[in-house]
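Here the structure is laid out as C-alpha cells; the discussion comes afterwards.
Counting from 1, the numbers follow the sequence of the chain as shown.
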Amino acid sequence: MKSDLVIVYHRAPYEEAVENGETVLKEHASPNGIVPTLKALIGRIDHAAWVAWKEAADPANPDFERVVEISDSFGTYTVSRLPLTAEQVRSFYHQTSKEAFWPILHGFKERYNYDPVDWPTFRAVNWAFAEAAAQEAADDAVVWVHDYNLWLVPGYLRQLKPSVRVAFFHHTPFPAPDMFNVLPWRKEIVDSLLTCDAVGFHVPRYAQNFMAVAQALAGARPLADGRTDPRLTRAGAALNEASTPLALAVDGRTVRIDTTPVGVNFRYIEELAAAPAVSEKVAALRAGLDGAKLVLSVSRTDYTKGNVQQLEAFERLLKRRPELHGRVRFMLVSVGATRGMSIYEDVQQRIEELTGRINGAFGSFEWQPVSLISTAIPLPELVAYYRVADVAAITPLADGLNLVASEFCAAQGEGGRGVLILSEFAGAAVLLDGAIPVNPFSNAHMDRALDQALAMETGEAEDRMARLRACARRFTLEAWAEATLGGFAALRASTSVDEETFALARRRARRYMEGRSP
C-alpha cells in the first residue's frame, strides 16, 4: 500500500538491540529528540512511510529486509531501509556533510574542508533516497525531506515522481549568500531546493537567508512576505528579523517558505519532573551539592556548541572571584559526536584538558569545581539535573534552534527560579523571553552573564522563568505537528499559489504562535 506521507531522514525511527541472540527493533525510550519529533505526525496520517539508511556489506544483497512494517506508540507505518556500504556512509555523511557542509552552515569558513568530498557519491546516495521515497509514495503524497545531507533529494524526486508534493525542513542554520557561496556545488543544491513546494526553517533569519541565496543564485523573486510575529522577535537580538518571507517565484513556479520552530514535549517533561523517582533524585543531588550553586550545560561535543568557551569562562570566574571557591560547581554534559572524525576528537581532547586544568588548579579533596559527563544521560535523570541547576548555560557559537533551553524551562515547573543564559546565536534566542542573552564570542559578555546569573535575586529569577516557560509552552512538539500537517493539507489541496493561499499561510502562522490548531 502506497503512503500519503513519506518522511525522508537519514536515521531510522527505532533503535536496534540484540536480545537472546536476535536483533529487535525498539521504540526510542525518550520522547524528545528529532526522531520522536518527526514521528509525532505518523499517528495522524492514514498510512505513512519512513526512508532511512542501514549499513550493508553488499547493497545489492543486504542481509535484512528492505521494507518492514513497524507498530509502536505512534502508530503503524512502513520503514524503507536503504542499504549503503560503510564507505558510502563515510563519504556522504562523515566527509561531505560534516566536513564541507556543517562548517559553512554554522559560519566557520576556516573549518571548511573541500578535499575529501566525493560529489558523485553524494549524488548517488541522494538519488537512492529519492528512489526509495518515490517507491513508497502515493501519486498525491507529500514527501517530507529533512536536512542538509539530503539537499539533492527534492530535485531527483521531481524527475522520478513529479506528481508528489515535496516539502523540505532545514534543522540547522541556513547561511547568507557570502557564506553559502563557499560551496562549489551551491547552484545544484539551490536548484534542487527550489523544486520543492515548501521549504521550512526554524526562525525568520534562516528563511531570509534562503531567500537571499535563491535570489542571488537562481534569480528567484520574492512573492510575499509579512511582518514577523512579535513572538518571534527580540529587538536588537543578533538573529532578529523584522519581516518573514512567505513565498518566492522561480521559473514559473511558486515555493512556499514556512517558518515553524520545533518544540519540545512540554507536558511530558513537566510530568516527569514531578514524578516521585525524579523528586528523590533531585533531593539526593541537592544534598550532594552541600549548599553550592550548580551551573549546568548540556550539548553534543562539537566546535559549534561553545563547550570550550564555557569552560574558559568558568575558569576566569574562579580566578577573579576566589570567594566562590567551594560555593559553585559547573557540570558539563558534552555527549561525544561522530567517532573517527579528528575535528570532534580534537574538541573532546580540549574539553578534557580544560576540565583537568581547572580541577587541578582550584579543586580540593572536598570540592571539584567541574564535573564532565561525556555520555548521554537518560531523560529522567537529565530532568532531575535541570531541576537542581541554579543556572543553565546554553551558549553555542551557532545553533539552528537548541531545544535544551526549552527542556530546562519545562523541567523547572511552576515557581521555578533557575536562570537561563542563552547565546544570541541559537535560534531559540528569538523565541524565549526571559533569558540572559550572551555573545559567546566575547569574554566580557560571558563573564558578565555568569556574574549576573549567580547574583540574581529570587524574585527576578522567578519572573524571568515564568516568562520563559510561557514561551516554551507556546512552541511545543504538538503545536509544530499540527502546523506542519495543516501545511501539508494546503499543499495537497492547492493547484496554484495566489493571494488567498498567502492569507491562509499567514493565518496558519498566527494560529501556531497562539498555540491553536491551524
Test side-chain contact (heavy atoms from CB on, under 4.5 Å) applied to Leu150 and Asn126, step by step:
CA-CA 6 Å; Leu150 299 177; Asn126 272 246; 4.1 Å; yes
Greater than 12 external heavy atoms within 6.0 Å of Arg234's CZ:
yes
If you count the non-hydrogen atoms of other residues, nucleotides and ligands that lie under 6.0 Å from CZ in Arg316, is the total more than 12?
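Buried by this count: over 12 neighbours within 6.0 Å.
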Show the nearest heavy-atom pair for residues [X] and [Y], with the distance to one decimal.
{"X": "Val255", "Y": "Leu194", "value": "CG2-O, 3.5 Å"}
{"X": "Thr228", "Y": "Ser243", "value": "OG1-C, 3.1 Å"}
{"X": "Phe488", "Y": "Ala167", "value": "CE2-CB, 3.9 Å"}
{"X": "Gln88", "Y": "Val125", "value": "CB-CG2, 4.3 Å"}
{"X": "Ser371", "Y": "Arg329", "value": "OG-NH2, 2.9 Å"}
{"X": "Cys409", "Y": "Leu420", "value": "SG-CD2, 4.3 Å"}

If you look only at pairs with a residue in residues 175-203, which of them pass as a salt bridge (charged side-chain N to carboxylate O under 4.0 Å, His left out), with sequence neighbours excluded?
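Found Arg123-Glu188, Arg158-Asp197, Arg165-Asp197, Lys187-Asp191, Asp197-Arg253.
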Taking atom [atom1] of [X] and atom [atom2] of [Y], what is their separation to the nearest 0.5 Å?
{"X": "Ile257", "Y": "Met211", "atom1": "CD1", "atom2": "CE", "value": "4.0 Å"}
{"X": "Arg474", "Y": "Leu232", "atom1": "CZ", "atom2": "CG", "value": "9.0 Å"}
{"X": "Thr260", "Y": "Phe475", "atom1": "OG1", "atom2": "CZ", "value": "10.5 Å"}
{"X": "Leu401", "Y": "Thr172", "atom1": "CG", "atom2": "OG1", "value": "11.5 Å"}
{"X": "Gln208", "Y": "Asp225", "atom1": "CD", "atom2": "CG", "value": "7.0 Å"}
{"X": "Leu152", "Y": "Ile189", "atom1": "CG", "atom2": "CD1", "value": "6.5 Å"}

Is there a side-chain contact between [X] and [Y] (heavy atoms, below 4.5 Å)?
{"X": "Met446", "Y": "Glu312", "result": "no"}
{"X": "Asp118", "Y": "Pro120", "result": "yes"}
{"X": "Phe174", "Y": "Tyr148", "result": "no"}
{"X": "His106", "Y": "Pro173", "result": "yes"}
{"X": "Val79", "Y": "Tyr14", "result": "yes"}
{"X": "Leu84", "Y": "Tyr93", "result": "no"}
{"X": "Leu38", "Y": "Trp144", "result": "yes"}
{"X": "Phe180", "Y": "Leu217", "result": "yes"}

Could you label the plane-to-plane angle of the Phe122 and Phe92 rings as parallel, tilted or perpendicular, counting under 30° as parallel and over 60° as perpendicular?
tilted
So which of Phe210, Phe169, Tyr206 actually passes ring-ring contact (aromatic ring centres under 6.0 Å, His included) with Phe201?
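Per the ring-ring contact (aromatic ring centres under 6.0 Å, His included) rule, the option paired with Phe201 is Phe210, out of Phe210, Phe169, Tyr206.
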Closer than 3.5 angstrom, by distance alone: can the side chain of [X] be matched with the main-chain N or O of [Y] as a donor-acceptor pair?
{"X": "Trp367", "Y": "Val328", "result": "yes"}
{"X": "Thr96", "Y": "Ser91", "result": "yes"}
{"X": "Asn181", "Y": "Pro177", "result": "yes"}
{"X": "Ser297", "Y": "Ala393", "result": "yes"}
{"X": "Gln412", "Y": "Tyr386", "result": "yes"}
{"X": "Arg469", "Y": "Ala410", "result": "yes"}
{"X": "Ser406", "Y": "Leu403", "result": "no"}
{"X": "Arg320", "Y": "Asp447", "result": "yes"}
{"X": "Asp147", "Y": "Asn149", "result": "no"}
{"X": "Thr301", "Y": "Ser334", "result": "yes"}

[Y] and [X] side chains, donor-acceptor separation under 3.5 Å:
{"X": "Trp151", "Y": "His170", "answer": "yes"}
{"X": "Gln349", "Y": "Glu353", "answer": "yes"}
{"X": "Gln348", "Y": "Ser374", "answer": "yes"}
{"X": "Ser442", "Y": "Asn439", "answer": "no"}
{"X": "Ser299", "Y": "Asn307", "answer": "yes"}

Solution key, residues 421-437 side-chain donor-acceptor pairs under 3.5 Å, sequence neighbours excluded:
| from | atom 1 | to | atom 2 | distance (Å) |
| --- | --- | --- | --- | --- |
| Ser423 | OG | Pro396 | O | 2.6 |
| Ser423 | OG | Phe425 | N | 3.0 |
| Asp433 | OD1 | Arg467 | NH2 | 3.3 |
| Asp433 | OD2 | Arg467 | NE | 3.4 |

Can you tell whether the side chains of [X] and [Y] come within less than 4.0 Å, N to carboxylate O?
{"X": "Lys54", "Y": "Glu16", "value": "yes"}
{"X": "Glu15", "Y": "Lys26", "value": "no"}
{"X": "Glu87", "Y": "Arg90", "value": "yes"}

Between Val370 and Phe362, is the side-chain contact (heavy atoms from CB on, under 4.5 Å) condition met? List the steps.
CA-CA 10 Å; Val370 179; Phe362 301 100; over 6 Å; no
Between Tyr156 and Ser192, does the side-chain contact (heavy atoms from CB on, under 4.5 Å) criterion hold? Intermediate values first, please.
CA-CA 8 Å; Tyr156 294 150; Ser192 175; over 6 Å; no
side-chain contact (heavy atoms from CB on, under 4.5 Å), that's the test. Do Arg11 and His146 meet it? Break it down for me.
CA-CA 10 Å; Arg11 286 176 55 196; His146 286 267; over 6 Å; no
Who passes side-chain hydrogen bond (donor to acceptor under 3.5 Å, both in side chains) against Thr195, sequence neighbours left out?
none
Please confirm whether the ring centroid of Trp185 lies under 6.0 Å from the ring centroid of Tyr114.
yes
